[in-house]
Structures are given as structure tokens and as C-alpha cells.
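Following: one structure in C-alpha cells, then a few remarks.
The sequence lines fix the lettering, A, B, ..., with proteins before strands; numbering per chain opens at 1.
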Number of protein chains: 2
Amino acid sequence: MPPRKPAETDGNLAKPATISDVALLAGVSVGTVSKALNGRGSLRVETRRRVLSAAEQLGFQANKAAVALNSGRTYTVGMITTDTIGRFSIPLLMGAEDALGAGEMSVFLCDARDDPIREQYYLRTLLSRRVDGIIVTGRRTQARPPIGTDLPIPVVYAFISSADPDDCSVVPDEAGGAAKAVDHLLGIGRRRVAHITGPEHHHSAAVRAAAARARLSESGLTLVAPPLFGEWSEAWGRQAVQILLGAANDLDAVFCGSDQIARGVADALRAAGRRVPDDVALVGFDNWDVMALACQPPLTSVDMELEKLGRTAADLLLAAINGDPAPGKHANPCRLVLRDSTAVPIAPLRARD
Amino acid sequence: MPPRKPAETDGNLAKPATISDVALLAGVSVGTVSKALNGRGSLRVETRRRVLSAAEQLGFQANKAAVALNSGRTYTVGMITTDTIGRFSIPLLMGAEDALGAGEMSVFLCDARDDPIREQYYLRTLLSRRVDGIIVTGRRTQARPPIGTDLPIPVVYAFISSADPDDCSVVPDEAGGAAKAVDHLLGIGRRRVAHITGPEHHHSAAVRAAAARARLSESGLTLVAPPLFGEWSEAWGRQAVQILLGAANDLDAVFCGSDQIARGVADALRAAGRRVPDDVALVGFDNWDVMALACQPPLTSVDMELEKLGRTAADLLLAAINGDPAPGKHANPCRLVLRDSTAVPIAPLRARD
DNA sequence: TTGAAAGCGCTAACAA
DNA sequence: TTGTTAGCGCTTTCAA
């Protein structure tokens with residue numbers, strides 16, 4: 001039988017080189033290799049060079065499991081989405097993944113699909129894998145029960161928030177976003193503002209509607225009609241316009257709870273012979289490019305800056321992992337993105353920002 | 001000072017219990033605990049019970065790093081999306097994650113963001129973490145260079161495919177999908193079919209257009225006008241309709257390369273006074289609910305079954321990890337989803353399927 | 001400056 | 001049936 005290397009043909013089973021392989025090739029001990037590779041201790045330059053070149057030659061990559069075993073750190077975090085990953089979760093995940101990757105952390109993706117059983121299963125799995133921390137996200141901003149108590153590692157909630165005020169949650173400032181939308185409409189001279197949004201029991205719908213009302217009332221105004229609660233769809237947007245035109249025919253602006261609704265509203269207004277923005281200015285929420293850009297005209301919209309939010313969550317998690325936790329609810333500002341649906345051809349009263 | 005437990009207050013630094021903790025509590029050796037927990041060897045029922053209860057009491061979860069270290073398996077796979085994670089990647093990821101989770105594997109999420117440098121960085125990271133396998137996905141179905149050569153672990157390409165025919169790739173049968181769309185249009189009696197799609201250089205656009213043509217020609221027909229290549233947007237769909245109505249005013253069906261295009265087409269046709277589906281039947285591609293359902297009328301569309309595709313990729317990867325690789329390109333059939341845009345009020349010639 | 005050896009938490013072979 | 005021990009790959013004292 002051949003002496004050394006087993007089954008040279010099936011390159012696919014070649015075991016990765018270990019630190020002893022490197023030591024052997026460099027003619028030193030494993031301890032020395034470890035020092036050379038990690039820049040610890042003091043070695044002769046020549047020795048270090050020899051080790052590095054041996055490692056290079058073997059394509060050596062330290063086995064992270066071994067490292068984890070005696071450092072106690074895995075440089076790994078878990079990301080649990082409580083409900084199905086969707087449009088809102090993606091930017092969150094991306095932002096977090098990006099920030100964590102920069103910190104040399106790898107991310108375990110866990111999709112709990114609205115199933116508490118799965119959620120707990122993933123939690124156990126992550127703990128068993130000794131992740132250094134966990135980010136919990138969800139598709140709604142509403143507070144949820146903590147995912148666990150007395151966990152041995154830090155947890156940060158992103159977008160969604162924990163019902164325990166001592167937990168660290170990073171959420172969009174939806175009320176602030178709604179206020180910005182209203183401010184903008186007022187800034188371009190609109191006074192008869194309507195609000196169309198999603199289901200009344202939906203946290204985001206309620207918060208945004210309340211904030212819009214509050215902001216108007218600060219200016220001594222009211223909504224031109226009570227908020228129209230319905231669903232998060234274009235169809236509802238269209239339908240709501242019919243209701244609205246009956247109730248408040250003289251409206252000059254509509255602030256919508258979502259871009260989808262706003263798009264339906266735009267279509268229905270056009271069909272009814274109202275020009276956007278000339279007769280009616282229109283603001284959406286989410287700044288979902290697919291909707292906002294395809295809308296005719298393109299839609300001014302509130303952006304929750306989800307990617308940045310994910311990044312913030314990740315940064316807070318990293319800080320907590322390093323012993324510097326930031327408990328409490330952190331609100332991230334929203335940003336208003338201006339487009340044609342609120343562009344005033346001849347500006348009667350320019351907004352300041 | 002208190003005798004036993006250190007710093008009871010900061011529950012957050014409590015180190016997870018180890019197997020020796022369990023052994024101590026149960027009054028047995030670590031070997032016995034291992035056997036009891038893994039159902040190996042033969043133990044007295046009473047002993048096993050005692051160990052299990054001790055483990056339970058301590059909330060013991062085996063440290064996966066240690067397990068990985070001596071089994072050589074991490075029960076972990078990497079998922080690299082070569083381009084930014086988006087609408088197409090999600091269902092793929094979800095399907096794969098689901099199938100892998102069922103196999104007790106955890107998934108590392110890696111978003112390479114169209115950057116080859118990041119891609120190679122992630123590859124090295126994953127190898128260093130000794131993942132058992134890797135799934136590579138992308139937003140385009142076009143073949144791409146292999147992510148690495150002579151890798152020590154199996155790789156499966158999903159949606160995107162590897163340029164190396166010996167690699168394992170799972171792709172949607174886009175040509176088959178396009179054929180189904182055309183068949184359906186012919187089945188409901190349409191004969192003057194047009195095709196509007198994305199950029200000519202885009203692999204999917206080219207494949208779908210070619211397949212549509214081929215299928216028509218099998219029936220002795222041709223497209224009512226040369227395929228209109230443009231971009232993947234509603235605006236292009238609208239614009240293309242203007243061109244089309246000039247060139248082939250008597251068309252009775254449009255097959256579109258995407259749902260977004262199709263939606264633009266629907267809007268423009270309506271604006272031009274053509275009824276859908278009565279005058280012109282309409283089929284999209286992607287079955288993207290947001291577009292297909294919001295379209296007026298709701299859109300018949302080709303579904304690439306991305307989630308199933310992700311699942312298949314994961315299954316093939318698991319098989320490969322277990323020593324049973326399935327090299328080559330595997331085409332997954334598409335499914336035609338029927339909606340109102342091809343509903344024939346009075347069926348003149350019912351399709352068979 | 002380098003090597004030897006202990007130990008991280010667990011499994012498996014072997015002994016008792 | 002149970003315990004002891006070697007070792008997985010690496011880091012880190014401590015000696016040499």
C-alpha cells in the first residue's frame with residue numbers, strides 16, 4: 001500500500017491542515033506555530049517567517065471549533081426572526097450581518113415562522129452552539145414577550161421590541177416619521193389632510209395615525225376626516241379614496257400608512273380626476289422602492305432606515321458582548337424621502353428641511 | 001464571603017453547565033453521562049434517569065464546539081448569496097434553511113453583495129469554521145465561475161448555476177416555464193401572442209424569449225412581433241405597449257418576462273381601451289404576489305417554486321455531505337398559476353391541464 | 001527564543 | 001454496568 005497520503009484522487013475528502021501539520025513542515029513545535037500565527041510571545045524573525053510560509057503552503061486555517069473550545073468565545077451570533085423573513089426583515093438582517101461581519105462574527109440564520117415552538121427550538125440550538133449573542137427581529141414593531149429569561153448571553157431586539165423594558169430593543173421612531181410626513185405636507189401649504197392606513201389593531205397603524213393627529217393638532221388643525229383603517233393593500237387604498245371623496249371632497253393631501261396603500265390611493269385619485277400632487281399631495285410610509293418608484297407619480301415616503309437599524313442593533317449587541325450593555329428601548333429616527341407626489345410645481349411656501 | 005456560587009447577581013455571566021457538572025451532580029463519571037445523554041452503551045435504567053434529571057436540572061446543553069472537535073462534523077452549513085439578498089434569494093434561503101433545520105444543521109448567512117472579495121472572504125471564513133457544506137445562490141440564473149476548486153467540502157449552487165458542469169447546480173426550468181405560459185395562451189384560443197421582457201443580455205430574458213418562440217413555432221405560429229427587450233420595470237411594460245399597439249394592433253395575448261412588466265402592460269392596455277383578458281390575455285413570470293395580486297386584473301404567472309428549489313438544493317447538499325453527491329445541473333419544473341388575466345369568460349377552447 | 005504539557009468539553013475505546 | 005483515559009486542534013503557562 002502507498003506509504004503516506006491516503007486516496008490522493010478524491011481531493012474532496014482531503015482533511016484540512018492542522019497546526020501540527022504546519023509545525024511538522026516548519027520544523028518547530030505547535031506552541032511556536034500558535035505564537036507565530038497569532039503574533040504572541042517573542043520569536044526569531046526567521047522562525048516566524050518559516051512558520052508563516054509553511055502555513056501558507058498548506059493553506060492552513062485554524063479550526064474555529066478548537067479556538068472556541070478554549071477561549072469560550074465562538075465569534076458567532078444568532079439571528080432569530082420570530083415571523084417569516086420578509087420585506088422588512090431583509091434590510092434588518094443585511095445591516096446586522098454587515099456590522100457583525102466587520103467584527104469578524106458569523107451569523108446563524110433562524111427563521112421561526114411565527115411558531116413559538118420553532119422559536120424555542122432555535123434558542124436552544126443557539127445556546128448549545130454557544131453563540132456570543134442573539135438578535136431577535138420580527139415583522140411588526142409591536143412589543144413581544146422576552147424570548148427567554150436569565151439567558152447566559154446578551155440579546156438585542158431589532159424592529160420588534162421586548163415587553164421587558166430592561167431588555168435592549170432598537171426600534172424605528174414611527175411616530176417621529178409620521179410627524180415628519182405631516183410637517184412636510186403642512187410645509188408645502190396643505191391644510192386638509194386625510195389619513196388612510198392598515199388595520200386599527202396593528203401597532204404601526206395605530207401609532208402612525210395617532211402621531212399624525214397629534215402633529216396636526218399642534219398646528220391647530222385636525223384630519224379632514226377620521227383616519228380610515230383597513231388593510232395594507234393597494235385595493236384598500238383605492239377603496240378608501242371612494243369613501244374619502246364622499247366624506248371630505250375638498251381634501252388637499254393624503255398621508256398613507258404604507259406605500260402600497262398610497263399607490264392604490266394614487267391610482268384611484270387619478271381615476272377620479274384629481275391630479276397628484278397638484279390637487280392632492282401624497283405621502284407613503286416604508287419607502288419600499290418597488291412601490292414608491294413605480295407609483296405614478298413617484299411617491300414621497302417615510303423611510304424607517306431598517307438597514308441602519310439592523311446595524312445599530314448589531315453594534316449594541318457587540319458592545320453588550322464586550323461587557324458594555326445598553327438596556328432599554330432605543331428609537332431610531334425615520335427619514336422622509338421626497339419625490340414627485342409632494343413636489344409643488346410653483347412653491348407657495350417652501351418647507352425648511 | 002459566600003461559599004459556593006460566584007456573583008449570583010449577574011445571572012448573565014453564568015457559565016453554561018458542562019458534562020462534568022452533570023456528572024458531579026448525578027454522582028457518576030463523565031463517560032457515563034455521555035452515554036446516558038446519547039443513548040450509547042448500556043446503562044442501568046436508574047442511572048440513566050439520574051443523569052437525565054441532573055442534566056435537566058442544570059439546563060445542560062452539550063457544547064457543540066467540543067462535539068465538533070472530535071467528530072469532525074459541525075452540523076453547520078454556509079449559505080453564500082453572491083449578490084445582495086433580495087426578493088429571489090429569500091424563498092431560496094427559507095427553503096434551504098427549512099430543509100437543513102430539519103436535518104439539525106444550522107446555517108451561516110453570508111451576503112457577498114456582488115463583491116468577489118467578500119465572496120472569497122466568506123469562503124475562507126466558512127472553511128475555517130469547518131462547515132459541512134456550502135450552498136451558493138445568486139439573483140440571476142446565469143452560470144457563474146465555481147466559487148472555489150478542490151474544496152474539502154461539497155458545494156451546491158441554487159438558482160444560479162456553476163459554469164463547471166461537474167458541480168451540482170439546482171436551477172429553475174425557465175424554458176419549460178415559458179413553454180407552459182405559451183401553451184396556456186394557445187389553450188385558451190389565443191393565436192396572436194406578443195412577448196415583452198427584460199434586457200436582451202439578461203440570461204433569463206434570453207432563455208424565456210427563445211423558449212416562447214420555440215413553443216409557438218412548434219404549433220406553426222410566430223410571435224406577433226419580435227420580442228421587445230427592455231428592462232424589468234413597470235414603466236418599460238407601459239412603454240412597450242405603445243410600441244406594440246403600433247406594430248401589431250391585432251394582438252390577443254402578451255406573455256411578459258416578469259410580473260412587474262406585466263403589471264405595466266396591464267395598466268397601459270387598460271388605458272388604451274383594451275380589456276384584459278377579454279381582448280388581450282396576459283401572463284407574467286415570477287408569481288410575485290405583490291405584483292400578481294395587485295395587478296388589475298390579478299395576473300396569471302409562472303412560478304419558479306424557489307422555496308422548493310432551495311429545499312432541493314439543501315437535500316442534495318445533505319446527500320453529498322453523507323457521501324452521495326449528485327453532480328450536474330438539476331432543472332426544477334416551473335408551475336403556472338392561473339388568475340383572471342387569462343380567465344376566459346366564455347371558454348371557446350378549454351385548455352386540457 | 002523555543003519546547004513541553006496542561007486543559008478547553010466532549011466522545012469512544014478499553015478496563016475494571 | 002460503570003469508570004478511566006486518550007485525543008480532537010488549539011492556546012497558554014511554565015521550563016528549558
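- In terms of modelled atom types and a separation under 3.5 Å, the side chain of A:Arg311 and the main chain of A:Ala99 share no donor-acceptor contact.
- Nearest heavy-atom pair, A:Gly41 versus A:Arg48, reported as atom, atom and distance to 0.1 Å: O-NH2, 4.3 Å.
- Using a 4.0 Å cutoff on non-hydrogen atoms, the parts of residues 52-75 of chain A near DNA chain C are A:Leu69, A:Asn70, ordered by number.
- For the pair B:Thr125 (side chain) and B:Tyr121 (backbone), a donor-acceptor distance under 3.5 Å is present.
- Interface limits on DNA chain C: the 5'-most and 3'-most nucleotides within less than 4.0 Å of chain B heavy atoms are C:dG9 to C:dA13.
- With 3.5 Å as the limit, one finds no donor-acceptor pair spanning the side chains of A:Arg129 and A:Thr76.
- When DNA chain D is scanned 5' to 3' for any atom under 4.0 Å from a heavy atom of chain B, the first and last hits are D:dT1 to D:dG9.
- Using a 4.0 Å heavy-atom criterion, one finds that A:Ser42 contacts the bases of the nucleic acid, with or without backbone contacts as well.
- Nearest approach of B:Ser162 to B:Ser169, heavy atoms of both residues: N-OG, 3.0 Å.
- B:Thr312 pairs with exactly one of B:Leu316, B:Leu309, B:Asp315 by the side-chain contact (heavy atoms from CB on, under 4.5 Å) rule, that one being B:Leu316.
- Atom CG of B:Leu58 is separated from atom OG of B:Ser53 by 9.0 Å, given to the nearest 0.5 angstrom.
- Bending across the helix from C:dT1-D:dA16 to C:dA16-D:dT1, expressed as the angle between its end axes from five pairs apiece, amounts to 50° (10° rounding).
- In this structure, B:Glu97 contributes its side chain and B:Leu92 its backbone to no donor-acceptor pair below 3.5 Å.
- The main-chain N or O of A:Ala96 is never found under 3.5 Å from a side-chain atom of A:Glu307 such that the two would form a donor-acceptor pair.
- Counting only heavy atoms from C-beta outward, the side chains of B:Ser106 and B:Tyr75 never approach each other to under 4.5 Å.
- Taking a 6.0 Å sphere around CD of B:Glu56, one finds it holds 12 or fewer heavy atoms contributed by other residues, nucleotides or ligands.
- Here the CG atom belonging to B:Leu317 is positioned 9.5 Å from the CG atom belonging to B:Asn322, to the nearest 0.5 angstrom.
- Looking at residues 27-40 of chain B, you'll see B:Gly31, B:Ser34, B:Lys35, B:Asn38, B:Arg40 sit with a heavy atom under 4.0 Å from some atom of DNA chain C.
- The closest side-chain heavy-atom distance from A:Asp98 to B:Asp111 is not below 4.5 Å.
- Evaluation of the salt bridge (charged side-chain N to carboxylate O under 4.0 Å, His left out) rule for B:Arg144 yields B:Glu119 as partners, not counting sequence neighbours.
- Looking at heavy atoms from C-beta onward, A:Lys64 lies out of side-chain contact with B:Thr74 at the 4.5 angstrom threshold.
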